[in-house]
Amino acid sequence: MRQFKSTALYTVLGAGALAGLASCQQAKQETKPLNIVYIMTDDHTAQMMSCYGSRFVQTPNLDRIARDGVRFTNSFVANSLSGPSRACMITGKHSHANGFTDNTTCVFDGSQQTMPKLLQQAGYQTAIVGKWHLESLPTGFDYWEIVPGQGDYYNPDFITMDNDTIQKHGYLTNIISDMSIDWMENGRDKSKPFCLFIHHKAIHRNWLPEIKYLHEYEDSTFALPENFYDNYEGRLAAAAQEMSIYKDMDLIYDLKMDGKGKTSRLKETYEKYVGRMDAADRKAFDAFYDSIAAEFYAKKLTGKELAEWKYQRYMRDYSKVVKSLDDNVGRVLDYLEEKGMLDNTLVVYTSDQGFYMGEHGWFDKRFMYEESMHTPLIMRLPKGFDKRGDIPQMVQNIDYAPTFLELAGAPIPEDIQGVSLVPLLKGEQPADWRKSLYYHFYEYPAEHMVKRHYGVRTDRYKLIHFYNDIDAWELYDLQADPHEMNNIYGQPGTEEVTKELMKELKRLQVQYADPILEKYPINEEI
Ligand code: SGN
Ligand code: CA
């Protein structure tokens with residue numbers, strides 16, 4: 001076991017103030033155990049949060065978390081896809097070590113060690129509500145209620161703990177928050193500290209808005225990212241992807257342009273989703289999108305005009321779904337405030353990965369490029385943690401498990417690969433903080449056709465190897481080329497940095513024991 005400090009009981013008053021209290025009894029009453037409320041969305045990228053300096057939307061409630069707490073400016077995932085990300089998060093281990101490498105072929109082995117189970121052993125109540133996406137049923141939770149697979153936005157189904165499927169009425173983002181608040185208020189054992197995972201489906205494709213926000217952001221025109229018309233020169237895997245807004249985004253399924261006589265590959269699935277709405281909602285939904293569709297099909301847009309029109313529709317619908325999410329984060333914060341729980345609760349907000357909002361011309365994620373390897377991470381800290389503002393150190397989603405364990409006063413098992421963020425939350429500047437991150441994406445061949453790859457990211461550079469039915473290396477100088485448009489691998493002058501990065505990549509693959517190293521041995525002399 002690694003060293004740990006018993007930090008589970010934080011005093012609401014500092015030690016000095018406590019010493020001044022009249023009686024022990026009074027001091028006891030002021031000592032509260034630390035709770036964790038972990039809110040994770042799906043596909044919510046930092047570009048779409050105003051606390052990350054977004055040029056796009058306003059998220060006042062998310063901003064409250066960042067304003068009263070900390071904002072990680074270099075927060076990353078280990079494998080930019082839902083199931084794998086969730087598995088990394090609850091095990092504190094990279095995908096090859098927890099066994100859940102992709103969404104399509106894996107079933108999570110729920111008998112393995114997980115952070116919720118270790119929290120239970122430390123006396124915590126644990127609960128999860130919402131998207132789970134690990135195929136097997138949850139283990140290590142005192143209470144769970146999850147949506148099947150990706151879940152539905154409208155009148156969604158839930159799988160209950162007795163393995164029944166029930167339908168609930170309303171919009172999923174609201175329902176998940178209602179259930180979470182209800183568990184905190186009525187469901188849990190109030191004599192114990194708790195860790196609650198609130199896992200939203202929002203902002204996942206196909207961005208179906210809450211009916212009251214149909215008209216939101218309709219007056220907004222979103223600026224095109226400067227590399228929207230990327231031609232992928234020098235980047236073979238980027239050229240082979242199928243996640244282009246222009247080419248791959250479906251007019252009906254994604255953009256709701258269900259015009260008369262129009263059809264598409266995904267129309268049937270679309271009808272299934274929107275068919276779940278109440279009649280009155282459906283009427284409002286159809287009235288809204290049908291008028292846009294009539295105008296759109298009459299214009300017969302092509303080429304750049306069509307690409308940019310699709311981009312604006314995508315941005316508007318995504319922003320509407322963010323709006324409901326932000327409201328609901330506000331509701332959870334208000335509840336904690338009302339109940340006087342903010343001082344002894346760590347509130348975490350993150351996403352299962354980042355997302356492309358038109359950068360490189362894309363939607364979706366998967367690539368080790370910045371927009372999707374990044375994930376937002378903001379935290380409101382409990383009393384006793386004075387750090388505020390930005391935390392620039394590189395952190396990864398495998399770090400959440402050891403962080404929560406340390407906060408709960410539980411030992412951190414040796415085989416956990418992440419590192420506790422507690423020193424950073426205390427405002428320390430650990431001299432030996434990690435200097436590089438490891439990444440490995442596996443889901444190929446599959447939807448969106450992003451080839452398998454692994455790589456290393458340092459403060460300044462990124463080295464990626466795409467493999468399987470391709471053997472292509474990419475190297476980026478993030479300082480000179482933050483949008484990763486210029487692959488400098490193999491260019492004169494990069495020999496030294498390439499050699500160093502190869503060495504670092506190999507060191508990480510050895511440290512984390514990724515078996516891929518046997519298949520593709522790294523020659524550090526390249
Ligand atoms: C679905 C989506 C994809 C998305 C994956 C993975 N297609 O399959 O666009 O990349 O989920 O997303 S859809 O037609 O079903 O909308 S993840 O976040 O769950 O990993
Ligand atoms: Ca996701």
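These values consider heavy atoms only, across backbone and side chains, with no hydrogens, waters or symmetry-generated copies. Order of listing sets the numbers, starting from 1, for every ligand and every atom in it. Everything numeric here is computed off the predicted structure, so don't read it as measured data.
- When only non-hydrogen protein atoms are considered, atom 12 (O) of ligand 1 lies nearest to K365 NZ, 2.8 Å.
- Of the possible polar contacts, none joining the D278 side chain to the A280 backbone as a donor-acceptor pair under 3.5 Å is found.
- If you look at D42 next to ligand 1, the close heavy atoms, those under 4.0 Å, all belong to the side chain.
- Among R205, E447, R265, the residue whose heavy atom lies closest to atom 1 (C) of ligand 1 is E447.
- Listed by number with element, the atoms of ligand 1 under 4.0 angstrom from any heavy atom of D352 are 18 (O).
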List the steps, then state whether side-chain hydrogen bond (donor to acceptor under 3.5 Å, both in side chains) holds for N328 with N174.
CA-CA 6 Å; N328 277 285; N174 300 330; 2.8 Å; yes

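- Under a 4.0 Å criterion applied to the non-hydrogen atoms of Q353, ligand 1 contributes the atoms 18 (O).
- Ion pair D286/R282 flagged as a salt bridge, since at least one NZ, NE, NH1 or NH2 atom sits closer than 4.0 Å to an Asp/Glu carboxylate oxygen.
- In D352, the N, O or S atom that comes nearest to the Ca ion (ligand 2) is OD2.
- Among the backbone and side-chain atoms of Q353, an N, O or S atom lies under 3.0 Å from the Ca ion (ligand 2).
- With respect to the Ca ion (ligand 2), D43 has OD1 as its nearest N, O or S atom.
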Start with the C-alpha distance between Y289 and D317, add both sets of side-chain angles, then the distance that settles side-chain hydrogen bond (donor to acceptor under 3.5 Å, both in side chains), and finish with yes or no.
CA-CA 11 Å; Y289 285 109; D317 284 350; 2.8 Å; yes

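- For ligand 1, the atoms lying closer than 4.0 Å to a non-hydrogen atom of H133 are 19 (O).
- A side-chain donor from one of D415 and Q113 sits under 3.5 Å from a side-chain acceptor of the other.
- Taking atom 19 (O) of ligand 1 as the reference point, the nearest protein heavy-atom neighbour is Q150 NE2, 2.8 Å.
- Ligand 1 places these atoms under 4.0 Å from at least one heavy atom of D364: 4 (C), 9 (O), 10 (O).
- Geometrically, ligand 1 and N206 share no nitrogen or oxygen pair separated by less than 3.5 Å.
- Taking any N or O of Y273, backbone or side chain, none lies under 3.5 Å from an N or O belonging to ligand 1.
- At least one heavy atom of Y253 sits less than 4.0 Å from an atom of ligand 1.
- Near R366, meaning under 4.0 Å from any of its heavy atoms, are these atoms of ligand 1: 4 (C), 5 (C), 6 (C), 10 (O).
- Under the 4.0 Å criterion applied to side-chain N and carboxylate O atoms, D390 and R71 are assigned as salt-bridge partners.
- Shortest distance from the Ca ion (ligand 2) to D42 is reached at OD1 (N/O/S atoms only).
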Going through the checks in order, is the salt bridge (Lys or Arg N to Asp or Glu O under 4.0 Å) test met by D254 and R313?
CA-CA 9 Å; D254 290 308; R313 290 287 352 135; over 6 Å; no

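- Closest of all the heavy-atom pairs between F228 and G358 is CD1-O, 3.3 Å.
- One N or O on the side chain of S264 and one on the backbone of L266 form a donor-acceptor pair closer than 3.5 Å.
- Ring pair F197/F141 is perpendicular by interplanar angle, where above 60° counts as perpendicular and below 30° as parallel.
- K451 and Y444 form a side-chain donor-acceptor contact under 3.5 Å, judged by distance and modelled atom types alone.
- Under the 3.5 Å distance criterion, with hydrogens and angles disregarded, no donor-acceptor pair is assigned to the side chains of Y369 and E371.
- At a 4.0 Å heavy-atom cut-off, ligand 1 touches D43 through the side chain alone.
- If you check which protein heavy atom lies closest to atom 17 (S) of ligand 1, you get S82 CB, 3.2 Å.
- Not a single heavy atom of M243 sits under 4.0 Å from any atom of ligand 1.
- Put simply, part of K131 is less than 4.0 Å from ligand 1, judged by heavy atoms.
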